[in-house]
Amino acid sequence: MASTIRVRATANGDITEVQALIQHPMDSGFVKDSKGELIPAHFIQELKFEYNGKDVFVADWGPAVSKDPYVKFSFKGAKKGDDLKISWTDNKGASDTTTAKIS
Amino acid sequence: MKLSLPLTMLLALSLAPAARAATEADYKAAYAAAEAASKEAAGMRNQWTTTVSTLAAAKKAAEGGDFDRAVAAAKEAEALAKASIVQATSEKDAWKAMEIR
Amino acid sequence: MKTRSALLLGSLSAALVAFALTSPRVVAADKVDPVADAKAFQNFFFQKFPNVKHEDFVNGPYSMNEDMKRQWQEKEEFPPYEFALDAGKEMFATPFKNGKTYADCFPNGGIGIRQNYPYFDEKEGKVVTLELALNRCREANGEAPYSYVKDEMASLTAYMAFTSRGKPMDIKIPDDPRALAAFENGKRYFYTRRGQMNFSCASCHVQSPGERIRAEILAPALGILNAMPIYRSEWSGMGTTSRRFVTCNSQTRAVPLEPQSDEYRDVEYFLSYVANGLPISGPGARP
Amino acid sequence: MTTTTGPHPTRRLILQGAASVALLGLGNLPFGATPARAAANDKYPEAAFRQKSEADAIKALYGKTAEPSDKVKLDAPEIAENGGVVPISVATTLDKVTSISFFVAENPNALAASYKIPEGTIPSVANRLKMAKTTNVIAIVEADGKLYSATKEVKVTVGGCGG
């Protein structure tokens with residue numbers, strides 16, 4: 001199954017800008033389905049970005065993060081061609097990980 | 001003005017007070033009239049969602065034995081269906097007034 | 001409940017009567033002239049919004065309001081329809097059970113042709129939309145058709161729209177009385193008031209584009225289908241043209257018709273034709 | 001659990017510890033983290049995400065209060081085009097930033113997202129959040145151990161003309 005993580009990491013000079021879009025329902029647990037029953041909470045709790053073994057960005061998310069969540073940040077010290085590892089786990093214990101090349 | 005005659009008749013119809021407690025027979029008659037008008041509106045492909053929901057409410061009230069409410073809802077559904085028929089008929093030409101030329 | 005709807009009926013019939021009085025000259029059935037209609041349609045919007053760049057009209061509400069445009073541009077950096085686009089690309093290339101693919105059903109392998117849909121099919125004597133052609137391709141190859149309002153159809157049309165991005169809408173009306181009739185029928189549908197709210201498409205998208213209906217800014221009718229299919233935050237999912245027509249109907253309390261009914265195909269034909277020359281911007285992201 | 005510097009830190013921690021253990025015992029509650037997460041280095045601020053108001057959430061997350069600062073640039077729309085997808089971002093010129101968090105005051109739970117900013121990462125984050133209704137969005141930046149905040153009201157309503 002294609003990865004649920006879409007990443008764009010572009011380095012210009014010493015700064016690498018990272019954008020990520022993740023396919024996930026991010027159900028808050030407060031929404032009812034068409035039959036009127038509460039859809040149980042199902043959302044990503046932690047999203048981690050690692051660059052040669054070191055965390056460069058860690059997100060702790062709650063149910064108020066939008067469906068198919070998006071995040072953008074930048075960090076220093078990386079260069080074109082390096083790898084950036086991205087992984088998330090949600091409140092049901094599911095997870096996914098991928099490695100992106102910095103372009 | 002041909003157009004206004006059905007309107008006044010229509011308004012009088014929907015405001016007629018129900019004198020005594022309605023019986024199942026009253027409901028059946030009112031529901032049949034409403035359903036006929038609703039079918040006609042659907043036939044003109046100009047049905048309103050509120051006609052459909054009010055008709056359903058009438059049936060539900062009748063099943064619950066509350067014929068007063070059932071007759072009232074059926075009458076209202078008929079009025080709504082008739083209004084959508086008037087709308088469809090008048091719009092046959094009225095739309096041209098809004099056309100960008 | 002009863003007095004409220006009687007009140008509403010009263011106001012509706014009053015509006016109808018007033019309406020009839022204000023348009024004394026009921027125009028005889030004039031000759032159908034799509035070229036003149038398209039010119040008048042486009043000029044209406046170019047004059048009403050002189051500082052909106054012509055090609056910007058295809059961005060719907062975002063061409064009408066700066067604050068909304070900024071939110072849209074921020075979304076476009078990594079748009080929510082990204083997944084539908086990838087899924088559509090994959091589906092488009094996946095062969096049917098009989099080994100054929102969508103490319104075999106469409107001119108130019110289905111790439112970069114969205115701007116020519118819908119087209120008038122002279123054999124059938126009716127308008128054929130992209131969504132209809134996709135389902136007919138599936139059925140011709142022994143596959144079950146997709147729902148017109150669900151994700152699979154949206155993903156496929158998203159990919160096909162993407163391959164036409166930037167190309168000007170290029171809808172043709174052959175010199176065939178049935179094609180002119182379809183165009184006129186679409187125009188009639190567009191201007192006809194319906195539902196208990198007594199709105200036509202034009203009540204919102206011609207009379208008050210740029211204004212708000214609660215949180216939403218109304219899109220101008222010019223180029224309103226150029227961004228189809230759209231990812232709507234309100235649906236938190238993709239929506240095809242069919243889904244948009246059906247939901248708009250129920251918002252005005254009119255019972256929607258079957259997706260791909262003649263009226264819907266014709267109004268899509270009308271709206272696409274009058275937007276000729278404006279770029280395809282699908283798939284789009286919307287509120 | 002992030003260490004809290006409240007008056008009785010140990011008692012609080014034990015209580016919180018007991019609470020989260022009890023929670024786990026009740027099976028897979030929405031906010032219950034999986035057992036692996038409840039290990040020592042559990043950085044997920046469970047309690048903070050459960051607080052209702054942003055004041056309590058900030059206290060639970062950082063254990064101190066913030067002061068408004070114009071060095072925290074919060075960017076959010078006037079009127080959200082849709083309450084489900086509100087683009088919100090923050091940038092700051094403060095240095096030694098270690099954490100950035102977003103709070104939506106009148107959401108069921110105020111804390112929406114919290115980001116750890118390690119050394120070498122630019123203190124600027126953009127994300128898309130859900131907002132239940134018109135309310136204040138608060139961005140908190142932890143710089144050199146102190147908290148700075150920026151607040152902006154975002155209007156949210158349903159769209160369409162109502163079916």
Side-chain angles (χ1 to χ4, degrees), chain B residues 1-18 38 41-55 57-58 61 68-69 71-101, chain C residues 1-6 8-10 12-17 19-30 36-37 39-45 48 187-198 200-203 206-207 221-222 249-257 261-263 274:
Chain B
M1 244 298 278
K2 189 178 64 52
L3 179 72
S4 64
L5 184 61
L7 285 186
T8 39
M9 182 266 293
L10 162 83
L11 279 179
L13 176 95
S14 71
L15 298 179
S38 164
M44 301 172 83
R45 295 170 82 74
N46 189 45
Q47 178 76 294
W48 290 358
T49 50
T50 35
T51 309
V52 174
S53 53
T54 314
L55 255 179
D68 281 339
R69 216 151 56 77
V71 167
K75 278 208 160 46
E76 190 193 331
E78 184 184 3
L80 287 168
K82 285 227 157 82
S84 65
I85 293 164
V86 167
Q87 178 188 57
T89 334
S90 74
E91 279 300 304
K92 278 209 171 42
D93 291 314
W95 69 272
K96 289 199 173 73
M98 205 191 260
E99 183 193 350
I100 298 172
R101 287 178 186 290
Chain C
M1 181 48 189
K2 196 151 139 35
T3 48
R4 193 175 59 76
S5 63
L8 211 71
L9 279 182
L12 168 72
S13 18
L16 280 180
V17 170
F19 203 85
L21 296 182
T22 57
S23 61
R25 53 160 185 75
V26 177
V27 178
D30 43 16
D37 286 350
K39 183 171 287 302
F41 200 88
Q42 297 203 354
N43 286 341
F44 172 87
F45 285 96
K48 186 166 177 147
K187 180 164 72 174
R188 177 183 312 112
Y189 186 89
F190 178 77
Y191 287 109
T192 298
R193 288 175 174 279
R194 57 182 56 85
Q196 190 175 6
M197 306 290 254
N198 199 27
S200 68
C201 316
S203 319
V206 169
Q207 288 185 334
L222 179 59
N249 280 161
S250 41
Q251 285 209 14
T252 63
R253 295 187 184 163
V255 171
L257 306 170
S261 317
D262 287 352
E263 291 92 333
V274 296

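All chains are named by letter (A, B, ...) in the order of the sequence lines, taking the proteins before the strands, and each is independently numbered beginning at 1.
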Report task. Can you measure from CZ (C:R188) to NZ (B:K96) and round to the nearest 0.5 angstrom? Result -> 7.0 Å

Requested in this report: Nearest 0.5 Å please: distance from the CZ atom of C:R194 over to the CD atom of B:Q47.
Outcome: 13.5 Å

Query raised in the report: Is there a donor-acceptor pair under 3.5 Å between the side chain of C:Q196 and the backbone N or O of B:T49?
Result: no

Report task. Measure the OG-CZ distance between B:S53 and C:R253 for me, rounded to the nearest 0.5 Å. Result -> 8.5 Å

Query raised in the report: Taking all non-hydrogen atoms of both residues, which atom of C:R193 and which atom of B:M98 are closest, and how far apart?
Result: NH2-CE, 3.3 Å

Query raised in the report: At a heavy-atom separation under 4.5 Å, does C:S200 approach chain B through its side chain, its backbone, both, or neither?
Result: side chain

Report summary line: Ranked by heavy-atom pairs below 4.5 Å to chain B, first place among C:T192, C:N43, C:D37, C:N249 goes to C:T192

Query raised in the report: If every non-hydrogen atom of C:K187 is compared with every non-hydrogen atom of B:W95, which pair is closest and at what distance?
Result: CG-CZ3, 4.0 Å

Query raised in the report: Measuring heavy-atom distances to chain B, does C:Y189 have an atom under 4.5 Å in its side chain, in its backbone, in both, or in neither?
Result: neither

Report summary line: Residues B:R45 and C:S261: closest non-hydrogen pair is NH2-CB, 3.6 Å

Requested in this report: Taking all heavy atoms of B:I100 and all of C:V206, pick out the closest pair and write down the distance.
Outcome: CD1-CG1, 3.8 Å

Requested in this report: Determine whether more than 12 heavy atoms belonging to other residues, nucleotides or ligands lie under 6.0 Å from atom NZ of C:K39.
Outcome: no

Query - From CZ (C:F190) to CD (B:E99), nearest 0.5 Å - result: 10.5 Å

